[in-house]
Structures are given as C-alpha cells and as structure tokens.
Amino acid sequence: MSVLDAKIPEGPIKDKWTNHKNKINLVNPANKRLIDVIVVGTGLAGGSASASLAEMGYNVKAFCFQDSPRRAHSIAAQGGINAAKNYQNDGDSVYRLFYDTVKGGDYRSREANVYRLAEVSANIIDQCVAQGVPFAREYGGLLDNRSFGGVLVSRTFYAKGQTGQQLLLGAYSAMNRQIGKGKIKMYNRHEMLELVKVDGKARGIIARNLVTGEIERHSAHAVVIASGGYGNVFFLSTNAMGSNVTAAWRVHKKGAFFANPCYTQIHPTCIPRSGDYQSKLTLMSESLRNDGRIWVPKNMEDVEAIRKGTKKPTDLSEDERDYYLERRYPAFGNLVPRDVASRAAKERCDAGFGVNETGEAVYLDFDAAIMRYGREKATVEGEPNASDERVRELGEGVIEAKYGNLFQMYQKITDDNPYKTPMMIYPAVHYTMGGVWVDYNLMTTIPGCYAAGEANFSDHGANRLGASALMQGLADGYFVLPYTIGDYLADDIRTGAIPTDSPEFVEAENAVKERLEGFINNKGSKSVDHFHRRLGKVMWDKVGMSRNEQGLKEAIAEIQQIREEFYKDVFVPGGMYELNPELEKAARVADFLELGELFAHDALHRTESCGGHFREESAEEDGPQKGEAKRDDKNFAYVAAWEWTGDPSNAKLHKEELTFNDIELKQRSYK
Amino acid sequence: MSKSAILKSSIAKKWWMALTGLFLCLFLVGHLLGNLQLIFITGEEGKQAFNEYAYFMTHNPFIKILSYLTYFSILFHAIDGFLLTIQNKKARPVNYAYNKPERNTQLPSRYMAILGTAILVFIIMHMANFWAKMHFEEMPLHKVERTTEQEQVIDAQGTTTMYYDTSSYYLTTKGDYLSVKAFEDQEGRKASGEIRNETEFYDTRSELKVGEGYKDLHSLTLAFFGHDKENEADLPANEFAWLAVILYVLAMAVLGFHLWHGFASAFQTLGLNNEKYTPLLSGFGKAFSVLIPLGFAVIPVIIFLTK
Amino acid sequence: MKLTLKIWRQKDANDKGGIKTYQLDNVSEHMSFLEMMDVLNEQLIAQGEEPVAFDHDCREGICGSCSMHINGQPHGPDRAVTTCQLHMRSFNDGDTIYIEPWRAKGFPVIKDLVVDRSAFDRIQHAGGFVSVGTSGNTQDANAIPIPKADADKAFDAATCIGCGACVAACKNASAMLFVSAKVSQFALLPQGKVEAKRRVLNMVEQMDKEGFGNCTNTGACSVECPKEISLENIARMNREYLKASVTGE
C-alpha cells in the first residue's frame with residue numbers, strides 16, 4: 001500500500017462528488033470568521049478560490065508577485081473554455097467531456113477528478129455569465145460555441161481570442177468585491193519564498209515585499225498554492241517572464257510530493273525564435289491549423305537557398321514541398337493533436353529542413369485555403385470566370401475575416417505578411433500537466449496545504465486538450481476547493497489566530513534571508529539569465545519534445561553542473577531591501593535548477609511514451625503505427641509522486657496506481 | 001445624490017463646463033445675428049434697426065434674464081475652467097522630459113485654458129468698449145436728420161413755393177421725433193425740454209416725460225471701428241481703429257480654435273455620443289467654430305473698409 | 001543598429017531621479033523593445049552597474065505590465081501595441097530614444113521605470129464587479145439573451161488591460177478611459193444594470209480621490225490605448241453618472 005491516499009469517494013463515478021459534498025465537514029458561518037486562509041497566486045485558480053473563500057466568510061490573504069492580481073498569466077489564454085452545456089445539441093454530456101479529457105490525457109489522469117471537472121464545467125459558464133463576462137454571442141443573443149482540437153462536439157465558449165483575459169477579469173472582479181469589503185487582504189508585489197509548517201501542518205508563509213525587499217511572516221490555518229506551471233524551466237516558453245515554480249517547489253521541499261514533472265505540453269504553432277536575445281515565445285492559436293498546411297522543402301538545396309534568401313518559399317512548386325503531416329497522418333493531416341504535430345516538426349528540423357536562419361521553423365501555408373475560399377466566394381458572387389488574382393483577393397478577404405487579428409499579430413512581430421508568404425512556426429513549451437500531488441480534496445501531502453489550477457497535477461494526465469486549462473483553474477477555485485477545504489478547517493475552529501513569533505516562523509524567515517543574502521553577497525561574474533538560458537537549452541535539447549536515456553542522463557549531469565556554477569558565480573546587483581528584479585530572478589532560477597533535475601529524472605524513469613512525454617525507446621516498431629508513441633499501461637499506469645530527500649536525483653518515488661473503471665484504455669491513433 | 005457631489009466631482013465639474021459652454025454658443029448665435037445688422041442693413045434704416053435692437057436687448061425682461069445667465073455662464077465657465085486646469089496640472093507633478101502630444105491630440109484641445117483666458121481678456125475689453133458704455137456712460141442718443149415742410153408761400157403770380165427745414169430730431173421709442181433744438185438752450189430762450197437719466201425726454205414746464213430716446217450704439221460702433229470723422233453722432237474718430245480691428249479679428253480666431261474643440265467636446269461630456277450622430281455633430285461643431293467667428297470678424301473689417 | 005538611450009533612473013520613491021544616457025550597439029531590428037532593454041541590462045550587469053528596473057511579464061501584449069513612455073509617447077511610436085509588442089524596426093540606426101516612466105500623481109514612481117498603479121485596483125474595489133456569489137446555482141447562462149451588438153461592445157470595453165497608457169498620454173493624467181471601460185462593460189450588460197448607479201458613483205468618487213486629472217476630451221488616451229478602447233465609453237460613463245446623480249439610487 002502506497003503512502004499516498006487519493007481519498008477518492010466511494011460509489012459510482014457520477015455520484016462521487018455529490019456524495020462527497022454531502023458528507024464532508026462544514027464550518028459554520030460564525031466560525032469561518034475565525035479562520036484565515038492564504039492563497040498564493042491570483043490567476044484563474046487562485047483568484048476564483050480567494051473570491052469564493054472570502055464570500056463564504058473566511059479571512060483570505062491573497063498574494064501575487066505582479067503589481068495587480070489582474071496580471072496573472074491566465075490572462076494570456078486565447079482560445080476558450082470547455083463546458084458540457086450541450087447548447088449546440090450535438091450530443092455533448094458530462095460523460096463525453098470526461099471521456100475526451102481522459103483520452104486526451106493519454107490515460108494518465110485520475111478518473112474521479114476528471115469526472116468532477118466535467119460535472120462542474122457547466123456551472124462555470126453560468127457563474128461567469130452572471131459576473132458579466134462578455135462571452136461571444138450569436139445574433140439571437142445566446143452564447144456561441146466553437147470546436148476545438150481532439151473532440152467531436154462544439155463545447156468551447158470563447159470571447160474572441162481573449163477568453164483567458166475575460167475569465168480572469170471576472171475572477172478579479174469577484175475578488176475586488178471582497179477586497180472592497182475587507183474580506184480579502186491583497187498583497188500585490190509580494191512573492192512567497194517559503195512555507196511554514198507548525199506541528200506538521202501548513203500554517204503560513206514567508207513572503208518578500210518586492211517593493212521594499214522586506215521579508216514578512218504571514219500566518220493562516222491553511223495555505224493554497226495556485227501559482228501556475230513551471231514551463232519557464234525551459235527559459236523560452238509561452239509563459240510570462242515572471243511565471244515560476246518557486247511556491248510549488250518550496251512546498252515540495254517542505255514535504256509535498258511533486259507529481260509527473262516530465263509531462264509538458266509543447267504547442268506546435270508558435271512564432272519561431274529570431275535570435276539569441278529572444279526572451280519569450282508567442283503562441284499562435286491552434287485554430288490556424290484548420291486552414292493552414294504545414295510543410296518544409298523536399299530538397300536540401302531549396303532549404304539552403306531559402307535560408308540564404310536566394311529563393312522564396314512561394315518559388316517552390318507543389319512537387320518540391322513536403323507536407324509532412326499530410327504524408328504521415330493521412331486521416332488527421334494537419335489536425336493531429338498538439339504533441340504529435342510538435343514532434344513531427346522537430347523531426348523535420350532535426351533532419352536539417354528547418355526554413356529559417358536558426359533552422360528551427362516550418363511553414364504554415366494559407367495559400368491553398370486562400371485560393372479555395374476565393375473560388376467559393378467567386379462562385380457565390382457570380383464571378384465563375386474570375387482571374388486567379390481576383391480569386392486570391394476574395395480568398396484573402398475570407399481568411400482575414402477568420403484570422404485577421406492573428407495575422408496582424410504575426411505581422412507585428414515578424415514584419416512578414418502572412419497573406420503573401422507562408423507563416424513560419426515552431427513548437428514551444430506551453431503548459432505543464434505535472435505539478436504538486438494532491439488528493440481528491442486538492443490537499444497536498446502536507447496537511448493544510450492545497451494546490452489548485454496548473455500548479456497541481458490531477459486533471460490533464462500526460463497531455464492537456466485545448467480549452468481545458470481555463471476550465472480546470474476555475475473549477476478548482478470556484479467549485480472544488482471552497483468546499484473541500486472546509487473538511488480540513490472544521491478542526492481548526494478553536495485554534496485561534498496562528499502566532500507568527502513561533503520558532504518555526506523565525507527559522508523559516510532566517511532561512512529565506514540567508515538564501516537571499518547568499519545571492520547578494522555572492523558577487524560572481526555572470527548574470528542570472530546566463531544560467532537560466534543554459535538550463536533552458538539543456539532542457540529543450542535533451543528533455544524537450546523527444547527524450548532518450550542517454551540524453552536524459554547527460555541532462556541530469558549538466559543541470560547539476562550548471563547549478564553548481566550558479567551558486568559559485570552568479571552575480572546579483574543591488575541590495576536586498578529594495579526593488580531588485582535580479583534578486584527575484586535569482587531565487588526563481590535557483591528553484592528551476594532543482595526542478596529541472598527532478599524533471600529529467602522523472603522523464604528518465606518513465607520509459608514509456610505517453611502524451612507530451614515521448615521516449616524514443618518506446619515507439620511502435622512496426623505495423624501502421626511505426627514510429628508513433630507507445631504507451632505501457634502494464635508498467636506505467638500510475639502517477640509518479642516524488643518526495644524531496646535533499647537532492648532532486650535521489651527523490652523518493654511514490655506511486656499512485658491509476659485505475660480506470662469507467663473508461664477502457666486504448667491506443668491513440670491518428671493515421 | 002449621496003455620492004455625487006454636484007459641484008465637486010470631476011464629471012460634474014465638466015458638465016458645468018459643457019452646459020455653460022453650450023449656452024454661450026447659443027449666445028454667440030444671437031449676438032452675431034444682431035451684429036450682422038451693422039452690415040446688412042445700411043443707411044438710416046440700419047441705424048434705426050440696430051439701435052432699436054440694442055434697446056430691446058437692454059430692456060426686455062426676458063432678455064435681461066438671459067443676459068444675467070450669460071454673465072453667470074461666462075464667469076462660471078472661466079472660474080470652473082480655472083479650477084479644473086489647476087487640478088489637472090496637479091495631477092502630473094513631474095512632467096515628461098520628452099513629450100510628443102502632437103502625435104495623439106489636435107492642437108486646440110491642448111490649449112483650451114490659454115485660449116479661454118485670451119477670450120476672457122477679449123470679453124473684458126469688449127465689454128469696456130461697448131457694454132459698459134451702453135450701461136454706465138453717457139451715450140449719444142439716436143438722432144435723425146429730418147426735412148419738414150416749413151411753410152407754403154404763394155406769391156403774386158400764384159406760384160406756390162414750399163420752404164423746407166432740415167434739422168435734427170431725436171427718435172423716441174414710440175416712433176415720435178422730438179426736435180433736438182427743443183432740448184438745447186437757444187439764444188435768449190431756455191430749452192423747453194430736458195433729457196434726464198440719459199435717455200428720457202421731459203417737458204420742463206409740465207414735468208411730463210414725453211418720450212424715451214435710443215442710445216446710439218450704432219454710431220458708437222461705426223466710430224470705433226471706422227475712421228470716418230464725419231459721423232453723425234459727432235463722435236471723435238478712433239485713431240486706433242486699425243488696431244481695434246486687428247485685435248478683434250485675432251480674438252475671433254482664438255474663439256474659433258476654442259470652439260473647434262469645445263463644441264463637440266461639450267456633447268461628449270454630457271454623454272451625448274452616438275455612433276450615428278456623433279460624426280454629424282462633430283462636423284457641425286467644426287462648421288460652427290469656423291462660421292460664427294468668421295461672421296463676427298468680417299463686421300469690423302467691413303466697417304473699417306467702408307467708413 | 002546603434003542607439004543612444006536616455007533613460008529615467010530613480011533609485012526609489014524618495015529619490016529625485018534624472019535622465020541618464022547609455023550607448024547600445026548591436027541592436028537587431030527583430031528585437032522587441034523589451035529585449036533591447038534586456039540586452040542593455042545584461043551590458044549593465046556585466047559592467048557591475050545596476051540594471052534598469054521596468055515592469056513586464058507576459059510580453060505578448062495582454063497582461064498590461066509593461067509601461068514605458070518612449071520618445072514622447074506611451075508604448076512608443078506604433079499604434080495599438082504595448083511596449084513589449086513594439087519592435088526595434090520602428091527605429092533607425094543612430095536614433096536617440098527617451099525612455100521615461102508613466103507620469104501621474106496617481107502613479108508614483110517606485111524605481112526607474114516602475115510605477116505604482118494600485119490606484120487602478122482601488123478604483124475597481126469601489127465597484128468594478130457584479131455582486132454575485134459563487135454558489136454554482138446561478139441561473140442558466142442562456143437564461144437572459146443579450147443582443148450581440150451589446151455583448152460585442154461590452155467585450156470591446158472589457159479588453160482594457162489596465163496598463164495606464166491612457167493616464168500617461170493624457171495631458172491631465174486623467175483616468176477616465178480606464179474607469180469608463182469598466183463602467184461601460186457592466187452598463188451594457190443586463191447583469192450589471194442592477195448596480196449600475198452605485199457602481200458609477202463609487203468608482204468616479206474613488207477615481208477623484210486618487211488624484212487623477214479631469215477629462216478634457218483631447219482623445220489622447222484612446223489614440224495611445226494598445227487595445228483601442230473607444231471614447232464612446234467615456235461618454236457612456238458621463239451619461240451613467242448623470243443618470244445616477246439626478247435620479248439617486
């Protein structure tokens with residue numbers, strides 16, 4: 001028996017959540033006033049959790065490192081949010097959403113959690129509309145839906161390309177209401193740097209006021225970590241510059257297990273790197289693959305000519321192009337899932353066919369779509385004999401109506417006109433499915449310490465479907481955590497305020513001070529970014545889209561080496577008690593340097609391929625699926641939860657076996 | 001009304017600016033229509049029409065209310081504008097070292113306070129030149145030269161000869177003519193009438209008011225902007241008429257710029273913004289801001305050139 | 001590209017601060033403006049100097065963190081972009097570029113180019129919400145149809161990223177565009193109508209308290225707004241405020 005108890009309620013899957021809610025302990029309203037909860041992070045999960053907990057009557061202290069809770073990186077989500085509303089009458093149901101999510105996650109998520117997610121998904125939409133979130137509507141005044149990757153129904157609600165922004169502003173407004181009432185005390189520009197445990201329970205945090213540099217003690221009866229994902233371990237990702245693992249990593253080092261760190265989603269359609277100075281990558285919505293065809297030249301001479309600028313992509317005839325996704329996956333073509341499309345692009349670029357100066361780009365070409373739409377339009381307009389030029393003009397109009405804002409964004413960044421020349425795209429790190437291990441109640445292995453949203457691991461398995469991240473963040477924050485936390489807090493109604501002068505707080509504060517002073521006094525010769533870039537390169541090259549044993553072992557050794565050099569040679573200018581962005585980065589990169597190693601270690605131990613984790617050793621060797629990912633359900637149908645032992649490579653593995661009672665395990669095929 | 005301080009909140013202060021501003025725009029229209037009589041109706045008729053108009057404007061009780069409203073509007077617009085400007089300056093204690101406001105705004109919108117101050121100075125001068133005289137100073141009264149049949153002489157041949165007498169008369173508000181001579185002491189004879197309270201004609205024997213004259217603003221104005229020494233009211237010609245004309249025209253240009261931004265802006269402040277009508281309104285505002293000041297400006301120019 | 005940068009340096013809120021000049025060579029036209037700043041900071045760190053502090057996070061124009069007044073304009077010479085979306089190809093070799101923080105009483109400087117925009121948060125606390133609890137039992141999302149035109153307008157207003165460029169651009173440092181965007185979003189939706197009067201009165205009161213200037217309808221805010229929020233919103237807020245003050249709650 002594992003030490004891990006997921007506390008999944010008994011009963012049929014569709015009744016689990018209802019029964020659980022009926023049975024768990026409640027805290028009466030008068031007592032809620034006596035209980036403090038700390039929430040770290042104010043994205044969809046943290047923001048919605050803070051607002052809901054405060055509404056229920058708890059005293060919430062919310063922390064974010066940004067200058068306002070509204071700037072959390074949930075704001076950047078483009079596409080949409082799934083919900084099993086079945087407004088389109090296409091046969092959608094809670095079960096279908098549950099099924100799609102488990103299958104999309106390559107059967108590495110916890111069934112009960114996913115079912116609950118699907119169950120509350122409809123409530124999220126009701127809630128957000130009630131808050132005034134302006135979702136897209138049809139002319140009849142009802143909500144519009146669109147279809148997203150990997151599913152057969154239209155269940156995605158959206159607000160143009162800014163769904164994340166609108167949902168976050170909804171949660172932010174709910175927070176504002178509570179901040180105005182004094183129920184949430186908001187700590188902007190504060191970063192959590194340590195968890196404080198008293199008698200084995202999470203009882204507070206040590207945070208740094210990023211403006212004054214002061215180290216502050218904050219106590220509470222429970223601590224919620226909603227600090228997002230750790231994609232920035234790759235240095236370059238679509239995450240915000242400040243997105244970091246520190247809060248999650250600090251609780252991990254205090255005893256919370258870290259689950260499946262190697263599950264990373266690499267999104268296929270991002271704008272490629274343009275040079276060494278590149279600071280982050282920009283995502284282009286997945287919807288572009290509906291009309292764009294992905295290709296690289298067939299011949300090496302053409303690749304070289306294009307790189308030199310002597311040939312343009314439009315000079316190449318159809319015969320000279322390799323539409324590799326259509327070639328490899330005739331059934332799904334350009335619409336294969338994210339992980340498959342990403343790996344295929346990498347395969348071509350590794351073979352030398354990358355089309356930009358860095359050799360890391362493929363074309364996403366709208367020419368065929370422009371001409372096809374143009375011809376349709378010409379027919380509709382009564383111009384059956386329109387010239388090619390006229391057809392192109394009409395077609396460009398259609399494409400503009402569909403993707404105008406994305407094309408404009410692309411042009412702003414690259415200065416290329418995607419109507420005239422194919423877009424260049426390349427995969428980039430986008431989301432991390434792994435995270436802090438939590439049970440059904442979203443509690444970590446530290447009593448009183450919870451994790452919500454991208455920071456936890458529970459719902460997406462090894463791969464996340466489009467429009468599911470927003471759903472999970474809000475489900476955790478609005479509808480799950482506020483209930484389940486009561487079960488734990490019911491025991492704390494007589495505890496009283498937690499004092500911050502206990503030895504545990506003093507010790508934690510001193511540890512933080514010592515760590516930060518260490519960076520300031522190090523006086524090395526290299527900037528924090530220097531090390532972060534090196535770490536990112538190792539991660540990308542060896543722990544990126546496809547992984548093998550040798551590479552992973554090298555990666556572990558290299559990360560250890562970089563970490564050692566980092567502590568010896570990092571230079572952090574400025575002082576401790578002032579606004580010091582370099583110091584902030586140093587503390588974050590220090591944690592990435594440890595996480596990176598555990599990440600590689602996890603990838604090394606999981607010798608199967610599943611979802612975003614592709615092990616070259618575990619591919620189909622023959623048959624129609626040759627070369628595709630091969631899952632190993634016999635040996636790896638478990639959650640790998642790692643316990644900190646003082647050194648990432650010696651982390652102790654705990655397994656939570658995954659059992660699937662309501663879904664049959666199948667191989668994903670896109671041929 | 002708990003939270004809205006009708007005078008204190010930033011938006012309320014702006015409404016007052018907008019309301020008083022728009023009211024003053026209406027005033028401008030009325031004022032211009034009156035002024036245009038100076039050039040569109042010529043000769044004796046014009047003079048009479050203009051002075052009758054001036055009389056009406058200073059005596060009609062309804063107009064009086066309007067004029068008090070106008071004084072109030074000017075004062076309030078100026079004081080409120082001044083307060084807003086001070087507040088606005090305080091809202092940016094440190095300025096940009098390098099700023100390019102011309103990249104995002106039209107010029108007049110940035111200088112409303114300065115334009116407004118210039119207009120205020122103009123209004124004060126303008127009122128000193130005309131309004132104050134009209135109200136507080138002794139003004140020449142409206143006189144007309146009339147030729148009347150004096151006597152009919154039939155000579156021996158039976159030929160009839162008419163003798164006419166041409167002399168000056170005061171025009172009264174009732175349309176009567178009173179001989180100027182009657183109010184002047186003649187050689188050896190005291191005047192039979194007296195002018196009291198500037199404009200009232202009295203018969204000194206009966207102590208009865210026999211009529212009321214018009215102040216001759218028309219002649220005053222022509223004398224101010226013209227350089228004709230032979231004006232009817234015997235006013236001294238204005239040596240600096242050229243300067244008055246130039247300053248007046250400049251002031252109207254300033255007013256034009258002020259209105260260029262102010263007119264449409266007032267509607268925006270009052271919340272009257274609509275996809276369909278706002279473009280029309282702003283077009284109208286621009287036309288208004290050009291035509292009204294232009295109308296005012298041509299009057300002294302024409303007077304200067306023709307008188 | 002070679003550039004001369006004139007950057008506002010200020011140690012902390014109490015420091016007087018001033019413009020300092022830096023030379024930067026090897027700037028690629030493909031860099032974003034913030035990547036150019038990264039390069040400068042790397043150079044400063046290598047020289048043992050303190051790097052320039054500036055706010056930034058998502059670097060894709062949506063979080064609203066970045067806030068630089070570049071060559072006399074918030075977010076620089078391009079239209080409809082944030083600083084992070086501005087690319088160096090908008091400048092020429094040999095250019096001198098002035099970089100300053102937002103200037104407003106309501107946005108005090110914290111350090112270098114970093115300003116404190118919490119005034120915006122406080123305005124939102126005063127009424128930037130619909131008072132609905134997260135019960136999960138709110139009525140069905142499709143229970144109230146909303147005309148598409150209204151929903152779209154509400155969305156357009158709601159795209160405000162709260163960067164503060166409107167305040168920075170306004171000669172009066174007025175926050176009307178920001179506040180009106182939020183007021184408009186809710187005023188256009190049936191959900192927001194219930195509290196419309198309280199909301200507009202409270203938010204405007206807080207806005208005034210924060211020391212922002214008054215709107216003189218110059219329109220600079222909307223021109224410089226990276227999300228092109230329309231002036232129509234300000235008119236709508238004026239209207240809402242008038243309605244609320246005249247009729248009372």
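Proteins get letters first, then strands, A, B, ... in listed order; numbering begins at 1 in each.
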Tell me, for [X] versus chain A, whether the close heavy atoms (under 4.5 Å) come from the side chain, the backbone, both or neither.
| X | value |
| --- | --- |
| T159(C) | both |
| V194(C) | neither |
| H30(C) | both |
| E42(C) | side chain |
| E29(C) | neither |
| N26(C) | neither |
| A126(C) | neither |
| V39(C) | side chain |
| R59(C) | both |
| L34(C) | neither |

List in chain and number order the residues that pass ring pair (Phe, Tyr, Trp, His ring centres under 6.0 Å) with F186(C), two or more places apart in sequence or in another chain; answer none if no residue qualifies.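 F186(C) satisfies ring pair (Phe, Tyr, Trp, His ring centres under 6.0 Å) with no residue once adjacent residues are dropped.
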Between [X] and [Y], what is the shortest heavy-atom contact and its length?
| X | Y | value |
| --- | --- | --- |
| I110(C) | L579(A) | CG2-CD2, 4.2 Å |
| R177(A) | V130(C) | CD-O, 4.2 Å |
| P581(A) | A53(C) | CG-CB, 4.2 Å |
| K412(A) | A80(C) | CE-O, 4.5 Å |

[atom1]/[X] to [atom2]/[Y] distance, rounded to the nearest 0.5 angstrom?
| X | Y | atom1 | atom2 | result |
| --- | --- | --- | --- | --- |
| N176(A) | Q124(C) | CG | CD | 5.5 Å |
| I62(C) | S74(A) | CD1 | OG | 12.0 Å |
| C128(A) | Q191(C) | SG | CD | 11.0 Å |
| H87(C) | S274(A) | NE2 | OG | 6.5 Å |
| D144(A) | K148(C) | CG | NZ | 7.0 Å |
| D67(A) | F120(C) | CG | CZ | 10.5 Å |

Side chain / backbone / both / neither for [X] at chain C, heavy atoms under 4.5 Å:
| X | result |
| --- | --- |
| K85(A) | side chain |
| F157(A) | neither |
| Y277(A) | both |
| N188(A) | side chain |
| Q408(A) | neither |
| T414(A) | backbone |
| E584(A) | neither |

Identify, with sequence neighbours excluded, every residue that meets side chain to side chain donor-acceptor pair (under 3.5 Å) alongside E195(C).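 Partners of E195(C) by the side chain to side chain donor-acceptor pair (under 3.5 Å) criterion, ordered by chain and then number, come out as S131(C).
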Less than 4.5 Å apart, any side-chain heavy atom of M175(A) and any of F129(C)?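 Heavy-atom side-chain distance check fails, nothing below 4.5 Å.
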Side-chain contact test, heavy atoms from C-beta onward, threshold under 4.5 Å: evaluate it for P134(A) versus Q185(C) and give yes or no.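 They are in side-chain contact.
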Give a yes or no on this: more than 12 heavy atoms of other residues, nucleotides or ligands lie within 6.0 Å of atom [atom1] of [X].
| X | atom1 | value |
| --- | --- | --- |
| K2(C) | NZ | no |
| D25(C) | CG | yes |
| Q411(A) | CD | yes |
| K20(C) | NZ | no |

Would you check if the side chain of [X] reaches a backbone N or O of [Y] as a donor-acceptor pair within less than 3.5 Å?
| X | Y | answer |
| --- | --- | --- |
| D126(A) | A141(C) | yes |
| R71(A) | I161(C) | yes |
| E55(A) | T134(C) | yes |
| Q85(C) | I413(A) | no |
| R137(A) | A151(C) | no |
| E35(C) | S279(A) | yes |
| Q166(A) | A158(C) | yes |

Hey, is [X] close enough to [Y] for a salt bridge, meaning N to O under 4.0 Å?
| X | Y | answer |
| --- | --- | --- |
| D57(C) | K280(A) | no |
| R70(A) | D121(C) | no |
| E578(A) | K111(C) | yes |
| R189(A) | D55(C) | yes |

I would like to know whether D140(C) and Y87(A) meet side-chain contact (heavy atoms from CB on, under 4.5 Å); could you show each step before the answer? CA-CA 11 Å; D140(C) 187 84; Y87(A) 281 158; 2.6 Å; yes
Specify which of [options] makes the most heavy-atom pairs with chain A at under 4.5 Å.
| options | value |
| --- | --- |
| E50(C), K11(C), M31(C), E60(C) | M31(C) |
| P147(C), G192(C), G64(C) | G64(C) |
| S118(C), C58(C), C160(C) | C58(C) |
| S65(C), A13(C), G61(C), A157(C) | S65(C) |
| S28(C), A154(C), G128(C), G133(C) | G133(C) |
| N142(C), D152(C), L189(C), I45(C) | N142(C) |

Considering only heavy atoms and a distance below 4.5 Å, find which of [options] pairs most often with chain C.
| options | result |
| --- | --- |
| L283(A), N580(A), V129(A), V211(A) | V129(A) |
| Q66(A), H73(A), K160(A) | K160(A) |
| A51(A), G170(A), A72(A), S68(A) | S68(A) |
| M241(A), Q178(A), M186(A), M409(A) | M241(A) |

